[in-house]
Amino acid sequence: MQAWRVHRNGEPGEVMRLDEVDRPAPGDGSLLLKVLAAGINFPDALLCRGQYQVRPPLPFTPGVEICGETEDGRRVIATPALPHGGLAEYVVADESAVLPAPDALDDAEAAALHIGYQTGWFGLHRRARLQPGETLLVHAAAGGVGSAAVQLGKAAGATVIGVAGGRNKARVARELGCDHVIDRRTDDIVAAVKDLTGGRGADVVYDPVGGDAYAKSTKCVAFEGRILVIGFASGTIPAPALNHALVKNYSIVGLHWGLYNQRDPAAVLRCHQELTDLAAKGVVKPLISERVAMAGAASAVQRVADGTTTGRLVVIPGPAAGEGTR
């Protein structure tokens, strides 16, 4: 079978190579899955660079979420077991973590529902306790992670302010359902948030960016607000001034979704059922900006790494890339 593999750490476009390899063999408690669609996530770029919290042995195949088909024909979503990631024709996944793909979503959408939406749901509901009527500020609102938070925030009854970089991404954020959109390239984020909230600030901040985005969030978070630390796509990990959090009375809340898979898998199942119900109602629908053929996977991962994409890019190993897949 074909699989993209990283033989040395570096930029995805330089170190990913399409190889012919043996099909992985499932062991006890695992399933062999034919990959129907593989979502590309920022952690795939970090894996290539050797900067992710998990460092699989070289060579490895990136790809942390897929929609696949079991040998008995069931359509499922899964997180493949590294070092045999999802940018391949077949993967092996832990049977206990394999979930049914929602009927309301096609293969690409189902693949993209998993990590980003689970992260958004656990972040907003379990960690930040977002309430109806509160104001949610989402950084990188047009990206794969941010777009999920926008939809989930609206589903929860929040007023959503999206931050995006540039005219095109601001347009995408509006189309996703943001009540207000701030273009970080031309607007003053802090002043805009305070103006839109009557000086109160945002009750919850969803920050997958870090760096300057985090610094500005601390200046426009509300009394008893919660800043959700999701990731550091900017490449800069903030060093929080805890005296500032004390004086302004806000919380800094971390989220590592993977720990729920390890420590509370029943909660992951409940979350998936809720996401499936929301998808069936049309309330959430992953934004797939591009369906990429297998040959274009390395370039796609590089574009995600460079921050030039909107929504989610999804690799389709079969011949249906660019077409509406099921």
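Keep in mind the model is a prediction, meaning the values are calculated, not measured. In this chain, residues are counted from 1 in sequence order.
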To the nearest 0.5 Å, what is the distance between SG on Cys220 and CG on Asp195? 12.0 Å
Do Phe60 and Val304 share a hydrophobic cluster (ILVMFWY, side-chain heavy atoms under 4.5 Å, transitive)? yes
How close do Ala141 and Gly162 get, counting heavy atoms only, and between which atoms? CB-CA, 3.7 Å
Do Val6 and Pro62 make a side-chain contact, defined as non-hydrogen atoms from C-beta onward lying under 4.5 Å apart? yes
So Leu278 and Gln151, do their side chains get closer than 4.5 Å, heavy atoms only? no
State plainly whether the residues Arg74 and Glu69 are in salt-bridge range, i.e. N to O under 4.0 Å. no
Main-chain N/O of Ala222 paired to Arg200 side chain as donor or acceptor, under 3.5 Å: no
Pair Asn9-Arg55, side chain to side chain contact (heavy atoms under 4.5 Å, CB included): steps then yes or no: CA-CA 10 Å; Asn9 293 125; Arg55 297 192 66 174; 3.5 Å; yes
What side chain to side chain donor-acceptor pair (under 3.5 Å) pairs are there with at least one residue in residues 218-244, not counting sequence neighbours? Glu134-Arg226, His244-Tyr250
Mind listing the closest non-hydrogen atom pair of Ala142 and Ala173 along with its distance? CB-N, 4.4 Å
Thr197 side chain to Val193 main-chain N or O, any donor-acceptor pair under 3.5 Å? yes
Assess the residue pair Lys216 and Asp188 against the criterion (salt bridge (Lys or Arg N to Asp or Glu O under 4.0 Å)); give the C-alpha distance rounded to whole Å, side-chain angles, the decisive distance to 0.1 Å, and a yes or no. CA-CA 9 Å; Lys216 289 178 177 174; Asp188 182 324; over 6 Å; no
Is the side chain of Asp207 donor-acceptor paired with the backbone N or O of Leu228 at a distance under 3.5 Å, no angle test? no
Heavy-atom side-chain contact between Ile252 and Tyr214 under 4.5 Å: yes
Please answer whether the main-chain N or O of Gly258 pairs with a side-chain N or O of Asn261 as donor and acceptor at a distance below 3.5 Å. no
Is the count of non-hydrogen atoms from other residues, nucleotides or ligands lying under 6.0 Å from Asp72 atom CG greater than 12? yes
Do Phe122 and Val138 belong to the same hydrophobic cluster, where Ile, Leu, Val, Met, Phe, Trp and Tyr are linked whenever their side-chain heavy atoms lie under 4.5 Å apart, directly or via other members? yes
Are any of the side-chain nitrogens in Glu274 or Arg270 under 4.0 Å away from the carboxylate oxygens of its partner? no
Answer yes or no: is there a donor N or O on one side and an acceptor on the other, between the side chain of Arg127 and the main chain of Gly254, under 3.5 Å? yes
Test your reading of the model: is there a side-chain donor-acceptor pair from Asp106 to the backbone of Ala108, 3.5 Å cut-off? yes
Pair Val92-His84, side chain to side chain contact (heavy atoms under 4.5 Å, CB included): steps then yes or no: CA-CA 7 Å; Val92 167; His84 304 295; 5.9 Å; no
Shortest non-hydrogen pair, Arg75 vs Cys67, comes out as CG-SG, 3.9 Å
Contact check, side chains of Glu14 and Cys48, non-hydrogen atoms, under 4.5 Å: no
Side chain to side chain contact (heavy atoms under 4.5 Å, CB included) evaluation trace for Tyr117 with His272: CA-CA 9 Å; Tyr117 280 83; His272 179 65; over 6 Å; no
Mind checking whether Val15 and Leu46 sit in one hydrophobic cluster, side chains of I, L, V, M, F, W, Y counted as touching below 4.5 Å? yes
Quick one: do Val76 and Leu31 satisfy side chain to side chain contact (heavy atoms under 4.5 Å, CB included)? Show the steps, please. CA-CA 11 Å; Val76 299; Leu31 295 174; over 6 Å; no
Would you say Leu136 and Val253 are hydrophobically clustered, going by side-chain heavy atoms of ILVMFWY under 4.5 Å? yes
Would you check if Met294 and Trp4 make a side-chain contact, meaning some heavy-atom pair closer than 4.5 Å? yes
Indicate the atoms forming the closest heavy-atom contact of Ala112 with Glu65, along with that distance. CA-OE2, 3.9 Å
From Leu275 CG over to Gln118 CD, what is the distance, rounded to the nearest 0.5 angstrom? 6.0 Å
Would you mind checking if Asp183 and Lys169 are paired as a salt bridge, meaning a charged N to carboxylate O distance below 4.0 Å? no
Rounded to the nearest 0.5 Å, what separation is found between the CE atom of Met1 and the CG atom of Asp19? 10.0 Å
Under 3.5 Å: donor-acceptor pair, side chain of Ser30, backbone of Gly27: yes
Side-chain (Asp179) to main-chain (Ile161) donor-acceptor, under 3.5 angstrom: no
Nearest 0.5 Å please: distance from the CG atom of Leu130 over to the OH atom of Tyr206. 11.5 Å
Linking I/L/V/M/F/W/Y whenever any side-chain heavy atoms sit under 4.5 Å apart, do Leu113 and Leu33 land together? no
What one should report as the nearest heavy-atom pair of Ala297 and Val292 is N-CG1, 4.2 Å
Which value, rounded to the nearest 0.5 Å, describes the distance between Leu255 atom CG and Tyr260 atom OH? 6.0 Å
Counting C-beta onward and ignoring hydrogens, is there a side-chain heavy-atom pair between Lys34 and Glu89 closer than 4.5 Å? no
Within a strict 4.5 Å, meaning less than it, do heavy atoms of the Leu87 and Arg5 side chains meet? no
Are any of the side-chain heavy atoms of Val145 and Phe42 separated by less than 4.5 Å? no
How far apart are the closest heavy atoms of Val91 and Gly86, and which atoms are they? CG1-CA, 3.8 Å
Drop me the distance from Leu18's CG to Thr61's OG1, to the nearest 0.5 angstrom. 9.5 Å
